[in-house]
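Below is one structure, written out as structure tokens; comments come after it.
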Amino acid sequence: MTTRTPRHGRARRLAADPDGVAEAARVLRGGGLVALPTETVYGLAARADDPDAVARIYAAKGRPSFNPLIVHVADAAMAAEVAEVAEVDAVARGLMDRFWPGPLTLVLPARRGLAQAVTAGLPTVAVRCPDGIARDVIRAVGVPLAAPSANPSGRVSPTTAAHVLDGLGDRIDAVLDGGPCAVGIESTILRVHPPTLLREGGLAAEEVEAALGHPLERDTTPGRVAAPGQMGSHYAPKAAVRLGVAVRAPDAVFVGYGTAQADVLLSEAGDPVEAAARLFAALRAADDIATARGLSRIDVAPVPEEGLGRAVNDRLRRAAAPRG
Ligand code: TXA
Ligand code: MG
């Protein structure tokens with residue numbers, strides 16, 4: 001069933017059922033913009049082979065044109081339509097077999113003919129096969145979909161359909177409402193040759209290293225162009241953010257980890273997987289509490305640098321970075 005949602009601009013909210021998938025695919029095929037739930041965050045999708053549709057993504061997000069998009073595919077065969085993945089590329093094939101569908105994006109040489117706007121002119125393309133209903137939509141459309149996170153550029157990524165509608169409801173055609181995202185944090189980005197971690201994300205780097213059998217090179221410095229979207233300030237709530245604060249203060253909203261003594265909980269048990277799943281909603285909730293109480297600061301408890309904790313800390317550091 002498809003319904004109108006008068007509270008949130010013109011975007012329609014589509015149900016996560018076969019009718020919703022078919023309608024999302026119809027709009028996308030016609031060059032429209034549809035936000036899709038993935039296991040990581042909601043993505044703002046358009047067909048990757050249509051330069052006008054891709055341009056609409058940049059316009060809706062207010063995204064700088066130098067920041068390329070991830071191309072979402074239904075399987076390794078579709079990845080080979082946009083990326084050069086030779087039959088002999090055992091590393092790329094092995095990673096796809098092991099981790100797709102899932103929260104791992106692979107940066108590979110781009111095939112010619114890909115819309116320039118997708119790669120922002122880079123000779124490489126980032127490809128990922130998402131799990132769940134987004135994959136059903138890609139299959140139904142039949143072509144790869146370009147999709148950045150479905151938030152206005154620089155703001156907190158969306159993990160529910162309501163987050164998408166709050167940020168972009170008057171600029172997109174529809175959102176497929178698949179409920180909250182299970183992983184909650186964007187995909188891990190890996191340049192395949194040589195294997196280099198470009199962004200910490202929803203697949204712990206340890207798992208990739210175990211699959212490859214060796215440690216990864218890392219090129220995740222904020223502000224560097226290896227993954228051009230890795231700008232310093234990002235995920236910015238309205239209130240200022242201070243990290244590594246062990247004790248709750250009266251003049252700030254406290255986001256807790258490993259404690260129940262907090263205004264907003266990342267994980268009472270101190271579980272980094274739970275913290276990742278809750279992170280973006282927690283930042284939004286903390287911002288709302290700050291506004292309601294007239295506070296201008298959000299304090300966040302320390303999160304250990306292991307497993308998904310590194311991706312959580314990466315997003316928190318960007319949320320705390322000086323605003324450009
Ligand atoms: O989980 C995710 O990855 C989500 C969902 C929707 O799939 N998408 C996402 O997209 O996080 P976005 O646009 O918010 O982040 C994509 C990142 C940016 O940092 C961009 O610079 C980088 O991927 N990227 C895209 N193409 C690249 C390339 N050819 N080389 C290096 N980095 C690239
Ligand atoms: Mg993003």
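Order of appearance sets the numbers: ligands from 1, and atoms from 1 within every ligand.
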Report summary line: Any heavy atom of Thr124 under 4.0 Å from ligand 1? The part involved is both

Report summary line: Minimal heavy-atom distance between Pro101 and Pro130, with the atoms involved, is CB-O, 3.5 Å

Requested in this report: Keeping to residues at least two apart or across chains, list the salt bridge (charged side-chain N to carboxylate O under 4.0 Å, His left out) pairs with something in residues 43-56.
Outcome: Arg47-Asp49

Requested in this report: Tell me yes or no: between the side chains of Ser157 and Glu186, is some donor less than 3.5 Å from an acceptor?
Outcome: yes

Query raised in the report: Taking distance alone, with no angle check, do Ser187 and ligand 1 share an N/O pair under 3.5 Å?
Result: yes

Requested in this report: Measure the spacing between CG of Asp173 and CZ of Arg10 and express it to the nearest 0.5 Å.
Outcome: 5.0 Å

Report task. Using only heavy-atom distances, determine whether the side chains of Arg128 and Thr40 contain a donor-acceptor pair under 3.5 Å. Result -> yes

Query raised in the report: Does the salt bridge (Lys or Arg N to Asp or Glu O under 4.0 Å) test come out yes or no for Arg310 and Asp314, once each step is laid out?
Result: CA-CA 6 Å; Arg310 277 199 310 276; Asp314 168 77; over 6 Å; no

Query raised in the report: What do the steps show when you test Val82 against Arg111 for side-chain contact (heavy atoms from CB on, under 4.5 Å), and what is the final call?
Result: CA-CA 5 Å; Val82 293; Arg111 291 191 75 142; 5.7 Å; no

**Report entry** Under 2.8 Å from the Mg ion (ligand 2), the protein N, O or S atoms, given as residue and atom
**Finding:** Ser149 OG

**Report entry** Glu186, any N or O under 3.5 Å of ligand 1 N or O
**Finding:** no

Query raised in the report: Considering only heavy atoms of Asn67, which atoms of ligand 1 have at least one such atom less than 4.0 Å away?
Result: 18 (C), 20 (C), 21 (O)

Requested in this report: Tell me, please: is Arg63 in heavy-atom contact with ligand 1, that is, under 4.0 Å?
Outcome: yes

Query - Derivation of the salt bridge (Lys or Arg N to Asp or Glu O under 4.0 Å) call for Glu209 and Arg218 - result: CA-CA 12 Å; Glu209 292 178 328; Arg218 282 182 157 69; 3.7 Å; yes

Query raised in the report: Does the distance from a Lys or Arg side-chain N to an Asp or Glu carboxylate O, for Asp263 and Arg248, drop under 4.0 Å?
Result: yes

Query raised in the report: Looking only at heavy atoms, is any part of Glu39 under 4.0 Å from ligand 1, and if so is it the side chain, the backbone, or both, or is it neither?
Result: neither

Query - Residue portion contacting ligand 1 (non-hydrogen atoms closer than 4.0 Å) for Ile189 - result: side chain

Query raised in the report: At a non-hydrogen distance cut-off of under 4.0 Å, which region of Arg199 contacts ligand 1 (side chain, backbone, both, or neither)?
Result: side chain

